[in-house]
Structures are given as C-alpha cells and as structure tokens.
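Accompanying notes for the structure given below.
Throughout, a chain's letter reflects where its sequence line sits, starting with A, and its residues are numbered from 1.
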Number of protein chains: 2
Amino acid sequence: MSDAAAGNPAPPPPSPWERERPARPQTAPQRTPLSRERIVEAAFTVLDRQGLDGLSMRQVAAELGVTVSALYAYVSSKDDLLELMYTRLFDGFTMPAPDPERWREQIRDYAHAGRKRLLSHRDVARISMAHVPFTAELLPHVEGLLAIFRTAGLPDRIAAEAGDLISTYIDGFVLEEGMWQDRAAARPDDGDSSLARPDWREMAGEMQNYFASLPPADFPHLRALADVMVSDSSDERFDIGLEIILRGLASYLPDKAPDA
Amino acid sequence: MSDAAAGNPAPPPPSPWERERPARPQTAPQRTPLSRERIVEAAFTVLDRQGLDGLSMRQVAAELGVTVSALYAYVSSKDDLLELMYTRLFDGFTMPAPDPERWREQIRDYAHAGRKRLLSHRDVARISMAHVPFTAELLPHVEGLLAIFRTAGLPDRIAAEAGDLISTYIDGFVLEEGMWQDRAAARPDDGDSSLARPDWREMAGEMQNYFASLPPADFPHLRALADVMVSDSSDERFDIGLEIILRGLASYLPDKAPDA
DNA sequence: CTCACCCAAAGAACGCTGTTCATCAAGATA
DNA sequence: TATCTTGATGAACAGCGTTCTTTGGGTGAG
C-alpha cells in the first residue's frame with residue numbers, strides 16, 4: 001500500500017507474510033446493503049429449514065453471508081426480529097367491510113386465511129402464540145374483526161371476547177397441528193428416509209392401534225371416538241371447532257333463532 | 001495425603017498450598033438423596049422465582065445445592081423435566097362421573113380448575129401449551145372430558161373436537177393473561193420499586209388512554225369497546241368465552257332447544 | 001479389619017446461544 | 001487532501017444443554 005504513489009497498473013501478488021486479505025471480493029458482489037426486510041426474509045428461510053429451535057441470530061447472519069453483530073445494527077434483539085416476522089405475516093391481509101348478512105362466512109374466511117397464514121411457514125404458530133396482536137400495524141385487523149361482530153348484532157361484551165376467542169382457536173389449533181407433524185417427523189422408524197414426509201396415514205394407523213390397545217373398561221369413550229378422531233382430516237376438524245364457536249356466538253344474536 | 005501410613009489421630013490443618021477441600025461437610029447434611037420428585041419441586045421453585053426463561057438446569061441444580069450433571073442421573077433432558085412438571089400439575093385432579101343433567105356445570109368446573117392450575121405457577125401456561133395431553137398419565141382426563149360430552153348427548157364428531165377446543169381455550173386464555181402480566185411487570189415506569197406488583201388498575205388506565213387516543217374514524221369499534229374490554233375482570237372475561245363455547249356445544253344437542 | 005466394589009455426585013469440557021464492544025476499510029464531505 | 005460517517009468485522013462475555021471422566025464415601029465379602 002505504501003508505494004501506491006508509483007501508480008503501477010499491475011498490483012503485486014500478496015506477500016506471503018501478510019495475513020491473507022479477507023477476500024472481500026468473494027462476498028463483494030455486495031448483493032444489497034442489508035436491511036430489516038432482508039434480515040426478516042433470511043430469518044424465514046432459516047425458520048423453514050431448521051425450525052424455530054434452530055433459528056439463531058448466527059444462522060440468520062450466515063444465511064446472509066454476514067457476521068452476527070451486523071444484524072444488530074438493524075434489529076435490536078432476537079425478540080425484535082421475531083416480532084418483525086410476526087407482523088410480516090399479516091402483509092397484504094385486509095379485513096373486509098363488515099356485512100351483517102354474511103358475518104359467519106366472513107369469520108370463516110378470516111379463520112381459514114389465518115390458518116393458511118400460520119401454515120405458510122414452519123413453527124410460525126409458536127411465534128404467533130407468543131404475541132398479542134396489539135401493535136400499531138395489527139390494530140386494523142382487530143378493528144376489522146370487532147366490526148364484523150358488532151355490526152352483526154352481538155352484544156358488546158360478547159363481541160369484545162369473540163375476537164380473542166377465535167384468534168386463540170386458530171393459533172392453538174395450528175400449534176397442535178404442528179406438534180403432531182413434528183412428532184411424526186421425529187419418529188425413528190424409517191431411518192433417514194425422512195424426506196420431510198410426515199406420512200400422515202401411517203401416523204393415523206399407529207394412533208388407532210394405540211387407542212385400540214387401551215383397556216376397554218377404563219377408556220370406553222376414547223376407544224369409541226378413535227375412528228372419528230383419526231379419520232377426520234385436519235381441515236374438517238378445524239371447521240368443526242370453528243363452527244362450534246360460530247354457533248355459540250350466534251346464540252347471542254337478539255333476533256333470529258340460532259339454528260344452523 | 002502421602003503420610004497417611006503414620007496413622008496419627010489428629011489430622012493436621014490443611015496445608016496452605018493444597019486447594020481448600022471442597023468443604024463437603026458444609027453441604028454434608030445431605031438433606032435427602034435427590035430424586036425425580038425433588039428435582040421437579042426445585043424446578044417449580046426456580047420457575048416461580050425466575051420465570052420460564054430463567055429456568056435452566058444449572059439454576060435447578062443450584063437450588064438443590066448440587067451440580068448440573070447430577071440431575072442427568074434422574075432426568076434425561078430438560079424437555080423430560082418440563083414434561084414431568086406438566087404432568088405433575090394434574091396431581092390430585094380427578095374427573096367427575098359424567099352427569100348428563102349437569103354437563104355444563106361439570107365443564108365449567110373443569111375449566112375453572114384448569115385455569116386455576118395454570119395460574120398456580122408462573123409461566124405454566126407456556127409449558128402447557130407446548131404439550132399434548134396424550135401421555136399415559138393424562139389419558140384418564142381426556143377420557144373424562146369425552147365422557148361428559150358424549151353422555152350429554154353430543155354427536156361423536158363434536159364431542160371429539162370439544163375436548164381439544166376447551167383445552168386450547170383454557171391454555172390460550174391463561175397464556176395471554178400471563179403475557180399481560182409480564183408486560184405490566186416489565187414497565188420501566190417506577191424504577192425498581194417493582195415489588196412484582198403488576199398494578200392491574202394502572203395498566204387498565206393506560207390501555208384505556210391508548211384506545212382513546214386512536215383516530216375515531218379508523219377505529220370506531222375498538223374505541224367503543226375499550227370500556228368493556230378494560231372494565232371486565234379476567235375472571236369475567238374467562239367466563240364469557242367459556243360460555244360462548246358451551247352454547248355452541250349445546251346447539252348440537254338433539255333434543256332441547258339451545259337457549260341459555 | 002481390610003479390601004474391593006459400586007454408585008451418586010463432582011468437575012471439566014464441548015459447542016452452542018444472545019449480545020456488546022472496539023476496530024477498521026471504504027465512501028462522502030469539506 | 002484530510003476529516004468524518006457508515007456499515008460491517010472479529011473478538012469477547014456470560015450463560016445455556018449435554019456428556020464424559022473422575023472421585024470419594026458407604027457397603028458387603030473375605
């Protein structure tokens with residue numbers, strides 16, 4: 001560097017004793033200058049590949065080809081990053097204008113969209129469960145839900161609770177769904193042929209065998225329900241639970257009789 | 001140590017250069033020989049003092065005056081310990097014989113007991129949320145729940161889902177409850193005068209102010225419901241949500257009309 | 001009484017975590 | 001050309017779950 005004044009066009013090869021230059025040029029394409037968005041994106045990549053337990057700041061940094069400490073210039077903590085991921089899930093998600101005639105369908109749509117969102121990335125239900133959607137960006141969603149319930153005619157105290165209730169239901173259901181998937185994926189059965197294929201059908205068979213093995217005198221109802229519990233798909237089970245809640249809410253409507 | 005052959009009755013004072021003997025006699029009262037039960041007990045002590053995030057194997061070991069590695073002779077992993085803690089919550093918890101005339105009260109009792117159990121130790125709802133109650137010790141509880149629903153007359157597919165639904169509701173509600181408490185306790189407001197007193201009333205006031213500060217045009221329903229959301233106690237809110245679910249379930253009973 | 005054994009616990013170590021800090025190269029500004 | 005800013009680096013710290021080897025005291029056999 002000291003002879004730069006000479007201005008010779010061909011730089012000499014690096015002297016053997018000077019520490020090999022960090023080889024910035026390798027990373028030098030300098031993809032993009034790093035940003036909150038890029039960090040969140042990388043975090044989702046790591047999440048899908050390694051799950052929430054494998055999501056570490058170091059892994060995210062590695063995914064970006066960057067050091068850990070660099071992340072902390074854009075994200076104040078891991079919790080901050082998780083919150084960013086959580087709110088990003090709601091991007092492009094708008095609540096419909098409340099239609100009193102169709103409030104049930106509107107809630108059904110909301111629930112289905114919510115479940116789809118939680119299934120869009122691995123372990124996202126666990127992240128969602130750890131957050132209350134009362135940040136500024138998410139308040140419009142809460143407002144939208146309350147709008148549907150209130151204009152449908154539900155009493156205030158019921159409407160106030162209804163939002164929490166179905167949100168909790170969605171999160172809880174998908175969380176449990178994910179736990180079964182993990183359990184199925186972690187079965188030491190077929191060696192490393194586990195191509196991330198949970199093999200739902202085989203799992204169901206094992207469950208059914210297990211239920212059938214229970215002492216009939218002690219577990220009559222569990223045995224009686226084994227068939228239906230195992231034969232219903234996740235989607236069907238989700239809709240059943242959702243419908244129970246909707247019927248409960250409908251029973252508070254002043255006017256019409258709460259029949260299906 | 002090398003002149004032990006002399007056999008002199010009075011042991012010499014410890015030579016200054018040999019590392020002070022670990023002073024086992026200090027710990028030597030040897031309280032009790034360490035066991036799974038004692039480890040779980042200590043874990044709950046640490047949990048109540050430091051929360052789930054502060055619950056580490058090392059802290060549990062310290063609580064028992066013992067090294068970390070000693071724990072692993074009784075507990076195979078931290079997850080194992082957490083599962084032990086989870087199932088211990090159900091100790092002395094028995095399901096009532098199903099009474100078709102009183103199924104609603106029975107479920108209400110179950111829910112209240114469940115919430116009380118989750119509130120009995122800090123952060124326990126988070127532990128509960130991470131477990132499916134399908135271990136051998138807990139199956140009787142599931143069976144008991146299904147028994148109540150089935151003998152009440154609910155269709156099988158509804159009964160099968162009902163257990164999950166109310167369990168998820170209880171866990172989710174208390175989880176959220178705990179998150180608000182944590183948020184209130186972490187408020188940097190009054191310095192270190194935080195004697196673990198969440199000061200619920202003050203928190204509610206802040207919430208109400210926040211809602212009132214929202215632009216009326218964008219958040220009419222949130223503003224309208226601020227009063228009721230904040231004035232209702234946790235117990236009332238819990239009962240409201242529970243009642244919504246119960247009404248929904250009741251709507252599937254074949255015979256009687258599903259009025260309150 | 002002495003020796004061998006056994007086993008519960010100790011202690012050190014490994015690789016990982018979230019977070020902070022001093023450093024540094026390169027670009028922009030004066 | 002000299003200074004300042006900026007975005008990233010690499011080392012470090014304390015703590016984590018887990019495993020491995022060592023050890024010391026109590027017990028039973030000869």
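- The distance between atom CZ of B/Arg38 and atom C1' of C/dA8, rounded to the nearest whole Å, is 13 Å.
- Within the structure, every side-chain polar atom (N or O) of A/Tyr74 is placed at least 4.0 Å from both OP1 and OP2 of D/dG7.
- Where B/Val66 and A/Asp79 each meet DNA chain C at their nearest nucleotide, the meeting point lying more 5' is that of B/Val66.
- Evaluation of atom-type donor-acceptor distances gives no pair under 3.5 Å for the side chain of B/Arg58 against the base of D/dG15.
- Atom OH of B/Tyr72 is separated from atom C1' of D/dT21 by 17 Å (rounded to the nearest Å).
- Distances were taken from every side-chain heavy atom of A/Thr67 (C-beta onward) to each of D/dA8, D/dT9, C/dT17; the shortest belongs to D/dT9.
- Put simply, the residue from B/Thr45, B/Leu81, B/Leu82, B/Asp123 that forms a side chain to side chain contact (heavy atoms under 4.5 Å, CB included) with B/Leu55 is B/Leu82.
- Between the CG atom of A/Leu55 and the P atom of C/dG18 there is a distance of 8 Å, rounded to whole Å.
- For the pair B/Gln59 CD and D/dC16 C1', the computed distance is 11 Å after rounding to whole Å.
- Between B/Val124 and B/Arg117, the closest side-chain pair of non-hydrogen atoms is not below 4.5 Å.
- A/Ser35 and A/Glu37 are not linked by any side-chain donor-acceptor pair at a separation below 3.5 angstrom, with hydrogens and angles left out of the test.
- With C/dG11, C/dC21, C/dT19 as the candidates, the nucleotide lying closest to the side chain of A/Ser69 is C/dC21.
- Cation-pi geometry between B/Arg115 and B/Phe238 is satisfied (NZ or CZ under 6.0 Å from the ring centre, within 45° of the ring normal).
- Rounding to whole angstrom units, CG of residue B/Leu71 and P of C/dG11 are separated by 14 Å.
- Listed nucleotides: D/dG17, D/dA8, C/dT19. Nearest to the side chain of B/Met57: D/dG17.
- Atom pair B/Lys78:NZ and D/dT18:C1' shows a separation of 12 Å (rounding to whole Å applied).
- Whole-Å rounding puts the B/Leu34 CG to C/dA8 P distance at 10 Å.
- Within the nucleic acid shown, A/Ala73 has no heavy atom closer than 4.0 Å to any nucleic acid atom.
- Taking the six-membered ring where tryptophan is involved, the planes of A/Phe173 and A/Tyr169 are tilted, since the angle between them lies from 30° to 60°.
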